[in-house]
Amino acid sequence: MLDIRTLRDNLDATEARLHTRGEAVTLASFRDLDGRRRALLGESEALKAERNSVSALIGKTKDKSEVQGEMARMKEVSARIKELDEELRRVEDELRGLLLTIPNLPDSACPVGGSEADNREVRRWGTPRDFPFEPKAHWDLGEALGILDFERAAKLAGARFSVGFRAGARLERALINFMLDLHTADGRYDEVLPPFLVNRDTMTGTGQLPKFEADLFHLDEPDYFLIPTAEVPVTNLYRDEILDGALLPLCYTAYTPCFRKEAGAHGRDTRGLIRQHQFNKVELVKFTRPEDSEAELEKLLNDAERVLQQLELPYRVVDLCTGDLGFSAARTFDIEVWLPGQQAYREISSCSNFRDFQARRANIRFRREAGAKPEFVHTLNGSGLAVGRTLVAVLENHQQADGSVLIPEVLRPYMGGLERIAS
RNA sequence: GGAGAAGUGGCCGAGUGGUUUAAGGCAGCGGUCUUGAAAACCGCCGUACCGCAAGGUACCGUGAGUUCGAAUCUCACCUUCUCCGCCA
């Protein structure tokens with residue numbers, strides 16, 4: 001959510017900036033709603049002030065027959081207040097509804113552009129292997145090794161699900177544990193295990209609702225949503241709280257499964273593990289002081305990169321342009337891993353600074369020192385990493401001519417010492 | 001799922017219709033005193049919104065209702081605790 005005062009004072013500039021996201025954002029009704037709200041509020045509060053003072057007077061008067069006139073008049077005033085407050089409620093609901101659908105302001109450092117093509121490549125790490133044979137896609141490797149089964153997953157649930165068997169199941173678990181251990185080493189991140197189902201307020205706090213309900217799996221009774229990322233429960237951990245500024249930055253890492261309908265993704269990545277309705281992810285989440293969030297984003301990005309480096313997987317880092325930015329993000333760096341099966345770099349992590357956008361929605365504040373006014377924190381998060389896609393990258397990058405897969409050194413302790421997956 | 005109890009400020013806790021602008025205490029901040037500290041004493045000590053300001057309004061789990069007036073009365077819901085049932 002954007003700051004209502006900033007919006008009021010810089011409406012045109014804000015609208016122009018939001019247009020660089022490529023979607024039509026109209027703030028025309030804002031000025032009208034904001035004006036009506038303040039007019040109604042002023043009238044209602046003046047009447048309440050009168051009612052309060054007259055009621056106090058009635059209270060002090062022993063003989064109520066002396067104040068029959070006032071009591072009758074206050075009955076009218078109360079009725080009027082009720083009307084005004086009902087109208088005010090309608091206007092405020094509409095105003096809040098509008099504010100909740102306005103995306104975050106892109107950071108001034110973002111490349112301006114309308115699509116993926118305008119993203120700026122920041123750096124590359126590692127060199128894609130030169131295969132002396134035709135590298136296979138992970139679905140072929142996985143099925144041949146008997147460690148991935150998409151057909152039986154379709155029987156159990158449907159398209160965009162998978163079953164891991166033996167070394168496939170264990171590799172997924174190994175990756176999760178390896179990532180969590182890496183991030184929690186030296187106490188850099190604290191591990192959290194949050195609920196995988198959350199309520200509507202939580203989904204609204206991070207920005208998934210109200211606009212993107214169609215992308216979420218939902219339970220009717222009770223009214224719960226399956227989380228699409230650990231960002232949702234972990235960021236909302238401190239919703240409606242005022243944090244001690246001395247504790248910032250707070251850094252968390254969380255493993256969760258993630259559930260996404262992938263609405264609008266028909267026909268894209270239909271084979272394999274790349275785009276699933278359910279996948280595992282280890283997430284990094286930070287709560288920082290406003291002045292620290294830019295530097296903390298760099299560190300978070302480096303922490304995510306370190307996972308790929310240790311797994312010996314080539315990747316590149318991309319600075320997302322204004323048109324490719326997610327709804328809540330002000331700045332995002334994607335990490336794209338090289339997939340020999342596709343001969344392409346594919347997203348494996350997305351690291352974002354949301355500045356105070358989520359903090360304002362979720363009302364997450366901090367106090368610099370005792371007695372200081374509460375300020376909104378900045379929130380950040382990034383995948384560290386998407387586990388399913390990491391498994392894909394390990395299989396495809398470390399495959400051998402005979403169809404076996406060499407397990408990266410750092411994962412072997414997590415695989416019971418196994419060095420190679422072979423059929 | 002059934003029965004019962006309870007939700008008040010950072011924390012504890014008083015308050016069953018009108019000087020409650022929420023008593024009192026603890027914690028915190030500032031000061032007096034002191035070489036310094038402690039103790040004692042004095043003062044300050046919630047959040048948000050509206051307003052140029054003075055000031056005003058709202059908030060006692062949430063939402064409705066009764067009343068001139070609600071922390072207080074009524075109804076519904078939520079959460080927590082205790083017991084029973086079920087269960088990994």
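Letters A, B, ... mirror the listed sequences (proteins, then strands); counts begin at 1. Scope of the values below: all heavy atoms of this structure, side chains included, with no hydrogens, waters or symmetry mates.
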Colleague: Only one of A:R289, A:R365, A:R368 forms a salt bridge (charged side-chain N to carboxylate O under 4.0 Å, His left out) with A:E375, so which one is it?
Modeller: A:R368
Colleague: A:M74 near the nucleic acid: base, sugar-phosphate alone, or nothing, with a heavy-atom cut-off under 4.0 Å?
Modeller: sugar-phosphate
Colleague: Taking atom P of B:G10 as reference, at what distance in whole Å does atom OH of A:Y238 sit?
Modeller: 17 Å
Colleague: Given A:F30, which of A:T14, A:L95, A:L2 fulfils the side-chain contact (heavy atoms from CB on, under 4.5 Å) condition?
Modeller: A:L95
Colleague: Indicate whether OP1 or OP2 belonging to B:C68 is found under 4.0 Å from a side-chain N or O atom of A:K75.
Modeller: yes
Colleague: When you look at A:K48 and A:D85, which way does the salt bridge (Lys or Arg N to Asp or Glu O under 4.0 Å) test go after all the steps?
Modeller: CA-CA 11 Å; A:K48 281 175 185 168; A:D85 282 353; 3.1 Å; yes
Colleague: Taking atom P in both B:G46 and B:U32, what distance in whole Å separates the two?
Modeller: 23 Å
Colleague: Using the P atom as the point on both nucleotides, what is the distance between B:G69 and B:U21, in whole Å?
Modeller: 16 Å
Colleague: Need one value for A:A49: base, sugar-phosphate or nothing, where a base atom within 4.0 Å counts as base even if backbone is also close, heavy atoms only.
Modeller: sugar-phosphate
Colleague: Under 4.0 Å, heavy atoms only, any strand: does A:R73 hit a base, just the sugar-phosphate, or nothing?
Modeller: nothing
Colleague: CG of A:L247 versus C1' of B:G10: gap in Å, rounded?
Modeller: 14 Å
Colleague: Given atom CZ of A:R89 and atom C1' of B:A64, what is their separation to the nearest angstrom?
Modeller: 10 Å
Colleague: Please classify the nucleic acid contact of A:R80 as base, sugar-phosphate, or nothing, using heavy-atom distances under 4.0 Å.
Modeller: nothing
Colleague: Quote, to the nearest angstrom, the C1' distance that separates B:C50 from B:G2.
Modeller: 49 Å
Colleague: A:N199 has an atom CG; how far is it from atom P of B:U79, in whole Å?
Modeller: 10 Å
Colleague: Which is more 5' along RNA chain B, the nucleotide nearest A:S78 or the one nearest A:I242? Just name the residue.
Modeller: A:I242
Colleague: So, OP1 or OP2 of B:C68: does either fall under 4.0 Å of a side-chain N or O from A:N52?
Modeller: no
Colleague: Pairing check on B:G36: which nucleotide meets the Watson-Crick or G-U wobble criteria with it, both distances under 3.5 Å?
Modeller: none
Colleague: Under 4.0 Å between a side-chain N/O of A:R365 and OP1 or OP2 of B:A48, yes or no?
Modeller: yes
Colleague: Find the partner of B:A88: check Watson-Crick (N1-N3 plus N6-O4 or O6-N4) and G-U wobble (N1-O2, O6-N3) distances, both under 3.5 Å, and reply none if neither fits.
Modeller: none
Colleague: Pairing check on B:A58: which nucleotide meets the Watson-Crick or G-U wobble criteria with it, both distances under 3.5 Å?
Modeller: B:U47
Colleague: Please determine, for B:U74, whether a Watson-Crick or G-U wobble partner exists with both distances under 3.5 Å, and give it or none.
Modeller: B:A64
Colleague: Which whole number of Å gives the distance between the C1' atom of B:U8 and that of B:A71?
Modeller: 7 Å
Colleague: Count the heavy atoms of every other residue, nucleotide or ligand shown that sit under 6.0 Å from CZ of A:R306, and state whether that count exceeds 12.
Modeller: yes
Colleague: Taking the C1' atom in each of B:C59 and B:G43, what is the distance between them to the nearest angstrom?
Modeller: 27 Å
Colleague: My understanding is that a pair needs two contacts under 3.5 Å, Watson-Crick or G-U wobble. By that rule, which nucleotide pairs with B:A53?
Modeller: none
Colleague: What's the gap between B:C73 and B:G18 when it is taken at their P atoms, as a whole Å value?
Modeller: 12 Å
Colleague: Please name the nucleotide paired to B:U19 by Watson-Crick or G-U wobble geometry with both distances under 3.5 Å, or report none.
Modeller: none
Colleague: Any Lys/Arg nitrogen of A:R38 or A:D34 sitting under 4.0 Å from an Asp/Glu carboxylate oxygen of the other?
Modeller: yes
Colleague: Below 6.0 angstrom between ring centroids: does that apply to A:H277 and A:F217?
Modeller: yes
Colleague: Given the side-chain rings of A:F196 and A:Y224, with only the six-membered ring counted for Trp, is the space between their centroids under 6.0 Å?
Modeller: no
Colleague: Would you name the heavy atoms of A:A174 and A:Y414 that are closest together and state the gap between them?
Modeller: CB-CB, 3.5 Å
Colleague: In whole Å, what is the span from the CG atom of A:D201 to the C1' atom of B:U79?
Modeller: 14 Å
Colleague: In the strands shown, is B:C81 matched to any nucleotide by a Watson-Crick or G-U wobble pair with both distances under 3.5 Å, and which?
Modeller: B:G4
Colleague: A:R37 side chain N/O closer than 4.0 Å to the phosphate oxygens (OP1, OP2) of B:C50?
Modeller: yes
Colleague: Does A:I58 reach a base, just sugar-phosphate, or nothing at all? Heavy atoms under 4.0 Å.
Modeller: base
Colleague: Using whole Å, what does the distance between atom P of nucleotide B:A58 and atom CG of A:L41 come to?
Modeller: 11 Å
Colleague: Using the P atom as the point on both nucleotides, what is the distance between B:G65 and B:C60, in whole Å?
Modeller: 16 Å
Colleague: Rounded to the Å, how far apart are A:E241 CD and B:A48 C1'?
Modeller: 18 Å
Colleague: Is the distance from OP1 or OP2 of B:G65 to the nearest side-chain N or O of A:K82 less than 4.0 Å?
Modeller: yes
Colleague: When you compare B:U72 with B:G15, how far apart are their P atoms, in angstrom units rounded to a whole number?
Modeller: 15 Å
Colleague: Do any side-chain nitrogens or oxygens of A:R367 fall under 4.0 Å of OP1 or OP2 in B:U47?
Modeller: yes
Colleague: Rounded to the nearest Å, what distance is computed from the CD atom of residue A:E86 to the P atom of nucleotide B:G63?
Modeller: 15 Å
Colleague: Find which nucleotide of RNA chain B each of A:E70 and A:R5 is nearest to by heavy atoms, and output the residue with the more 5' nucleotide.
Modeller: A:R5
Colleague: Does a nitrogen or oxygen in the side chain of A:R51 sit under 4.0 Å from OP1 or OP2 of B:U67?
Modeller: no
Colleague: Among B:C50, B:A48, B:C68, find the nucleotide with the atom closest to the side chain of A:S55.
Modeller: B:C68
